[in-house]
Amino acid sequence: MASSNGTVHEQLQQNISQLQSIFTLAPDLVIRSMDTEQGASAVVAYFEGLVDMNSINNDVLRPFFQSIQNQEGVVPVTVGNIKNTTMWSEIEHGLLIGKSVVFMEGQAEAYLLDTSGWPQRAIEDPQIEASIKGAHQGFVETAQLNIALIRRYIPNRELKITQLMVGERGKTSISIMYLNDVANPEILEELVERIGKVKVDAIINTGELSEFVEDRSLSPFPQLLMTERPDSAASHILQGRYVIVVDRSPSVLIAPVTFVSFFQSVDDYSMRWSIATFIRLLRIFAFMIALFLPSIYISFLTYNFEVIPIQLVLSIAESREKVPFHPFLEAVMMEITLEMMREAGIRLPAPIGQTVGLVGGIIIGQTAVQAGIVSNIMVIVVSVTAIASFIIPNYDMGAAIRFLRFPMMLLAFMFGIVGLVSGAMMLVSHLTALTSLGAPYGSPLSPLKFSDWKDAFVRLPLWKMSSRPTSSMPKQSKRQGNNKPDGDAT
């Protein structure tokens, strides 16, 4: 294979030979020759399937058949973006991202035409982050469309984009979007430096980039927020954060974020503030239930049964009379079964997956109780835990909670309430020490920032949120346009 280093030659045939030697065994590479009325020769080359054939036919081939070069020496094509180049490396990259290239006899340069038109998915409802009152538009696998979706929410000249390329074999375009007069430039510098250090063959999806960029990849907690909603991404940009758009990925990354950010939803700002506050507190309570309920069950039945009311103790003892397993093994079996059913429901087609989750849970739970493998109270504990984990609005945080549930169960089995409290203290210590691109992950609790409590565990009226969260470290903390409504007595 020939090297893509070097420059374009004046002789057309040498350029064709060089092109064919670079892209060997590429039957989808189209090289089309053309002759003009003046007798000059030219070729247009492109990869079939990566270009818009209507643009090729109407904006490139038709003008060339009329006349390749007018009197001013300009190629008479009607595509929107034309770039002159003499480097084969730029030609190779351009062809692989859907551009077409024109070589002309006697000219030691080529013309890269923006004729991209690869297959792409239409804009649809977000699949994971469902919303009741929010917009019904989700990101797609094309970076240009995702950037346009965000620009529709923030039509402001201060919305800037810093672009980078990552990947040695497959170049992936990375676009960092932010408000130039709001976002902290030090965070941008750190983010660009970390992305620049990524040396891989290619970045296939957003999750891969997140693992390279985050502060502590060994932590179970996500340190960058991933979303598939343009309205959520725009909201975080307005708060002074950065949105990272990865080409070919239907989701974007948001940084820096805090632990509380994963319990907030776009619907919180579309309903009454009192209702939104209640729902946020319900999510925090569900987080505690999903993480600690099985561990509490194990510790109480193993070491600390004296704290249980006597009537409940008798009821539990009756239900566990025929169960041959220790509460720890009983809980582990049920939790693993639950995780298997959850994974099966995700991987199967949607109608079948819902059936497996519903019917499988009912049949397995009832049969296990009748066979004396588990107790009734264990089925209730596992069911409540599963429902609580579903309330967490962010999938990555929900997965972290499901993972941490098992170490907490082991600590409860070994040390009872003491182990449970010790595990909780270790989690709190880890969260307070964690950072997201240098910003404190535990804010507004650690460090304590009372001004950020207006939009943390509670959600006060929007007109009371006159400042941006300090966790994003914005250089312009004052929000614009937050006015107190007329007629409000407070």
Side-chain angles (χ1 to χ4, degrees), residues 1-120 142-145 147-148 161 163-165 167 169-175 247-248:
M1 179 182 294
S3 173
S4 59
N5 297 326
T7 59
V8 177
H9 201 272
E10 289 186 0
Q11 295 184 7
L12 183 59
Q13 190 58 44
Q14 289 194 15
N15 291 330
I16 296 175
S17 300
Q18 177 73 4
L19 188 64
Q20 292 174 336
S21 63
I22 292 175
F23 298 104
T24 59
L25 297 177
D28 55 340
L29 176 64
V30 178
I31 302 177
R32 185 160 184 175
S33 301
M34 296 169 293
D35 295 322
T36 63
E37 298 175 355
Q38 294 84 0
S41 297
V43 297
V44 57
Y46 55 87
F47 275 102
E48 192 175 15
L50 294 181
V51 297
D52 181 5
M53 289 308 301
N54 290 327
S55 178
I56 291 290
N57 293 328
N58 299 327
D59 301 330
V60 180
L61 295 181
R62 181 177 297 176
F64 266 107
F65 281 131
Q66 296 174 357
S67 176
I68 288 187
Q69 189 176 11
N70 58 21
Q71 296 179 356
E72 288 78 16
V74 180
V75 177
V77 295
T78 57
V79 295
N81 188 7
I82 303 176
K83 179 182 178 181
N84 295 26
T85 181
T86 60
M87 303 302 298
W88 276 105
S89 58
E90 293 186 9
I91 295 172
E92 177 184 355
H93 177 67
L95 286 171
L96 291 173
I97 63 174
K99 295 184 178 182
S100 56
V101 59
V102 174
F103 298 97
M104 299 184 62
E105 182 67 46
Q107 294 191 16
E109 64 178 353
Y111 301 92
L112 283 174
L113 313 179
D114 188 6
T115 54
S116 302
W118 52 81
Q120 58 187 11
T142 305
Q144 292 87 342
L145 288 179
I147 292 173
I161 302 175
Q163 285 195 326
L164 304 169
M165 300 298 294
R169 292 186 178 273
K171 297 291 185 181
T172 301
S173 175
I174 309 294
S175 302
D247 195 18
R248 303 189 293 270

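Side-chain contact between Tyr46 and Val60 is absent, with no heavy atoms from C-beta onward closer than 4.5 Å. The closest side-chain heavy-atom distance from Asp114 to Ser116 is below 4.5 Å. Counting only heavy atoms from C-beta outward, the side chains of Thr85 and Ile91 approach each other to under 4.5 Å. At a threshold of 4.5 Å between non-hydrogen side-chain atoms, the residues His93 and Ser89 do not count as touching. Residues Val43 and Arg32 have side chains not in contact (no heavy-atom distance under 4.5 Å, counting atoms from C-beta outward). Residues Ser21 and Gln18 meet the side-chain proximity criterion, which asks for heavy atoms closer than 4.5 Å. Under the 4.5 Å side-chain criterion, counting only non-hydrogen atoms from C-beta, Ile31 is not in contact with Phe23.
Interatomic distance, Lys171 NZ to Asp247 CG, rounded to the nearest 0.5 Å: 14.0 Å. The OG atom of Ser17 sits 11.0 Å away from the CD1 atom of Ile22 when rounded to the nearest 0.5 Å. Atom OG in Ser100 sits 9.5 Å away from atom CG in Asp59 (nearest 0.5 Å).
The environment of CD in Glu48 is sparse: at most 12 heavy-atom neighbours from other residues, nucleotides or ligands sit within 6.0 Å.
Formation of a donor-acceptor pair under 3.5 Å by the Asn15 side chain with backbone atoms of His9 is found in this model. Asp52 contributes no side-chain N or O that, together with a main-chain N or O of Thr115, makes up a donor-acceptor pair within less than 3.5 Å. Judged by distance alone, the side chain of Trp88 and the main-chain N or O of Gly6 form no donor-acceptor pair under 3.5 Å. Within the 3.5 Å criterion, the main-chain N or O of Leu95 finds no donor-acceptor partner in the side chain of Lys99.
Smallest separation of non-hydrogen atoms from Leu12 and Met104: CD1-N, 4.2 Å. Across every non-hydrogen atom of Gly94 and Leu112, the tightest pair is CA-CD2, 4.5 Å. Counting all heavy atoms, side chain and backbone alike, Glu109 lies closest to Val8 at N-CG1, 3.9 Å. Minimum heavy-atom separation, Ser173 to Met165: CA-SD, 3.7 Å. Nearest heavy atom pair, residue Ile147 against residue Ser175, reads CD1-OG, 3.7 Å. Contact between Glu10 and Ala108 at its shortest, heavy atoms only, is CG-CB, 3.6 Å.
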>> What verdict does the side-chain contact (heavy atoms from CB on, under 4.5 Å) test give for Tyr111 and Asn84, after you've listed the backbone C-alpha separation in whole Å, the side-chain angles of each residue and the deciding distance to 0.1 Å?
In response: CA-CA 5 Å; Tyr111 301 92; Asn84 295 26; 3.4 Å; yes

> Can you list the steps and then say if Glu90 with Lys83 is a side-chain contact (heavy atoms from CB on, under 4.5 Å)?
Replying inline: CA-CA 10 Å; Glu90 293 186 9; Lys83 179 182 178 181; 3.4 Å; yes

> Does the side-chain contact (heavy atoms from CB on, under 4.5 Å) test come out yes or no for Phe47 and Leu96, once each step is laid out?
Replying inline: CA-CA 7 Å; Phe47 275 102; Leu96 291 173; 4.0 Å; yes

> Between Val101 and Leu113, is a side-chain contact (heavy atoms from CB on, under 4.5 Å) present by the stated rule, with each step listed?
Replying inline: CA-CA 6 Å; Val101 59; Leu113 313 179; over 6 Å; no

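Defined by atom type and a distance below 3.5 Å, a donor-acceptor pair is present between the side-chain atoms of Gln120 and Thr142.
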